[in-house]
Number of protein chains: 2
Amino acid sequence: MHHCATDQDGNAYASGCPTRQALDRIADKWTVLILGLLEGGPMRFNQLRREIEGISQKMLSQTLKSLERDGLVSRKVFATVPVTVEYAITPLGATLAETLVPLRVWAETHIAQVLESRAAYDRDESDAPARLDVA
Amino acid sequence: MHHCATDQDGNAYASGCPTRQALDRIADKWTVLILGLLEGGPMRFNQLRREIEGISQKMLSQTLKSLERDGLVSRKVFATVPVTVEYAITPLGATLAETLVPLRVWAETHIAQVLESRAAYDRDESDAPARLDVA
DNA sequence: CCGCATCCTTACCGATACTG
DNA sequence: CAGTATCGGTAAGGATGCGG
């Protein structure tokens, strides 16, 4: 694996490397979810809001704006009586969304193992308290 | 796309859905980078620290611990004079790391377009401050 | 060498209120 | 309906120092 093309000083992941930049872009609570939804077709603001449980209006607005800024999502306004705004994924955004499909598949097939491991770890922690603290 | 198996109320992404849980797991600054490095073979603590530019000792320690807790990374201690600790990716972690390869590829091939779009957006912003949208 | 504990500053993000 | 603006609590995370 070659990691990072802009590697200047021997580090696999320099701070300005494309992987780091892409990660900084998508590594938040909502970006991937929004991209995943828009992959299925254009949606309106409050439609997205309803679909994504727990997102605030502020974060949805903010995330959509940054996605539009980065050319991953497009925004179209319709001058209807109460104004209508439709968000759609761009071709560029679609290429990104595609790379994230395996992640969703992994989640559905492996997340149970993760949760199980986590529970086991926590159980051992409380069984052997003398190891780290208390005592 | 069917999105979420645990969808109870019509939402595509319920808060307890596997995709959300997996996202919460990897959506941080460092997890994906560490997984990517360990995919190439076991590494010691300070070795990882050197490879990942900008990570603090605290975050590396913290992230490794949570990865171990979730069964994605294993930790092995060698009782050498100054103690040696080796981290390795687990089979489960490897399945996750594999799903993230397309993301790194995407980053290297498309991040330039994103940055370009971002620059164009910011340029238009300052050119036409009174403008809201394009109808 | 590995990693935990503490302090402290920042930024995230939800709640609320208000505009077009 | 589709946002923006502001406030404030909280948690992420860097810096430093200590311990095994």
Side-chain angles (χ1 to χ4, degrees), chain A residues 15 20 23-34 37-38 42-69 73-88 121 125 128-135, chain B residues 15 20 23-34 37-38 42-69 73-88 121 125 128-135:
Chain A
S15 33
R20 291 282 283 268
L23 244 28
D24 286 347
R25 182 62 197 81
I26 68 156
D28 64 81
K29 248 172 127 58
W30 311 115
T31 292
V32 174
L33 297 177
I34 293 175
L37 281 174
L38 292 182
M43 282 196 184
R44 303 227 315 275
F45 187 87
N46 282 327
Q47 203 176 351
L48 284 164
R49 188 159 171 26
R50 278 188 301 271
E51 294 288 345
I52 304 175
E53 184 177 295
I55 195 171
S56 66
Q57 163 267 23
K58 177 183 180 176
M59 290 316 296
L60 178 55
S61 177
Q62 201 171 100
T63 308
L64 283 170
K65 192 165 186 174
S66 75
L67 283 170
E68 189 197 359
R69 184 167 96 109
V73 158
S74 66
R75 179 178 182 274
K76 187 167 184 189
V77 181
F78 297 91
T80 50
V81 189
V83 64
T84 300
V85 181
E86 199 176 77
Y87 291 91
Y121 185 98
E125 278 285 290
R131 268 211 311 183
L132 293 178
D133 44 13
V134 186
Chain B
S15 33
R20 291 282 284 266
L23 245 26
D24 286 347
R25 182 63 197 81
I26 68 155
D28 63 81
K29 250 174 127 57
W30 311 114
T31 293
V32 173
L33 297 177
I34 294 174
L37 281 175
L38 292 182
M43 281 197 185
R44 304 229 316 274
F45 187 86
N46 282 327
Q47 203 176 352
L48 284 164
R49 190 161 170 22
R50 278 189 301 271
E51 293 287 343
I52 303 175
E53 184 176 295
I55 195 170
S56 65
Q57 168 269 14
K58 178 183 181 178
M59 290 315 297
L60 179 56
S61 177
Q62 200 172 100
T63 308
L64 283 170
K65 190 167 188 175
S66 75
L67 283 169
E68 190 196 359
R69 183 167 97 110
V73 157
S74 65
R75 180 178 181 273
K76 187 168 185 189
V77 180
F78 297 91
T80 49
V81 189
V83 64
T84 300
V85 182
E86 199 176 76
Y87 291 91
Y121 185 98
E125 278 284 292
R131 199 208 318 206
L132 292 178
D133 45 38
V134 259

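Letters go in sequence order (proteins before strands), and every chain restarts at 1.
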Rounded distance (Å) that lies between atom [atom2] of [N] and atom [atom1] of [X]:
X: B:L60; N: C:dC4; atom1: CG; atom2: P; result: 10 Å
X: A:E53; N: C:dG14; atom1: CD; atom2: P; result: 13 Å
X: A:K65; N: D:dG3; atom1: NZ; atom2: P; result: 10 Å
X: A:D28; N: C:dC13; atom1: CG; atom2: P; result: 7 Å
X: B:E68; N: C:dC2; atom1: CD; atom2: C1'; result: 13 Å
X: B:K29; N: C:dC12; atom1: NZ; atom2: P; result: 10 Å
X: B:F45; N: D:dG20; atom1: CZ; atom2: P; result: 18 Å
X: B:D24; N: D:dA11; atom1: CG; atom2: C1'; result: 14 Å

Out of [options], whichever nucleotide has its closest atom nearest the side chain of [X]:
X: A:Q57; options: D:dA2, C:dG14, C:dT16; result: C:dT16
X: A:N46; options: D:dC1, C:dC7, C:dA17; result: D:dC1
X: B:M59; options: C:dG3, C:dC13, D:dG14; result: D:dG14
X: B:R75; options: C:dC2, D:dT4, C:dA15; result: C:dC2

Would you say the side chain of [Y] lies within less than 4.5 Å of the side chain of [X], judging by non-hydrogen atoms?
X: B:L60; Y: B:W30; value: no
X: A:L23; Y: B:K29; value: no
X: B:F78; Y: B:R44; value: no

Taking atom types as modelled and ignoring hydrogens, do the side chains of A:R25 and A:S66 form a donor-acceptor contact shorter than 3.5 angstrom?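 Yes, side-chain donor-acceptor contact under 3.5 Å.
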Along DNA chain D (nearest heavy atom to each residue), the more 5'-positioned of A:Q47 and B:K58: A:Q47
For A:L64 and for B:I55, locate the closest nucleotide of DNA chain D by heavy-atom distance; then report the residue assigned to the nucleotide nearer the 5' terminus.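 Going by which nucleotide is closer to the 5' end, it is A:L64.
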Between B:N46 and B:R49, is there a donor-acceptor pair closer than 3.5 Å when you use the side chain of the first and the backbone of the second?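 Not confirmed, B:N46 side chain does not pair with B:R49 backbone.
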Keeping the roles fixed (side chain from B:R20, backbone from A:E53), state whether a donor-acceptor pair exists under 3.5 Å.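 Yes: the side chain of B:R20 pairs with the backbone of A:E53.
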Nearest 0.5 angstrom please: B:S15 OG to B:D24 CG, how far?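 Reported value, rounded in 0.5 Å steps: 10.0 Å.
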What's the spacing between B:E68 CD and B:T63 OG1 if we round to 0.5 Å?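 With rounding to 0.5 Å, CD (B:E68) is 13.0 Å from OG1 (B:T63).
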For B:Q62, which contact category applies under a 4.0 Å heavy-atom criterion: base, sugar-phosphate, or nothing? nothing
Just N and O in the side chain of [X]: are any of them under 4.0 Å from OP1 or OP2 of [N]?
X: B:S61; N: C:dC2; value: no
X: B:S56; N: D:dG14; value: yes
X: B:R44; N: C:dC2; value: yes

Residues of residues 79-87 of chain A with a heavy atom under 4.0 Å from any atom of DNA chain D, listed by number, are A:P82, A:V83, A:V85, A:Y87
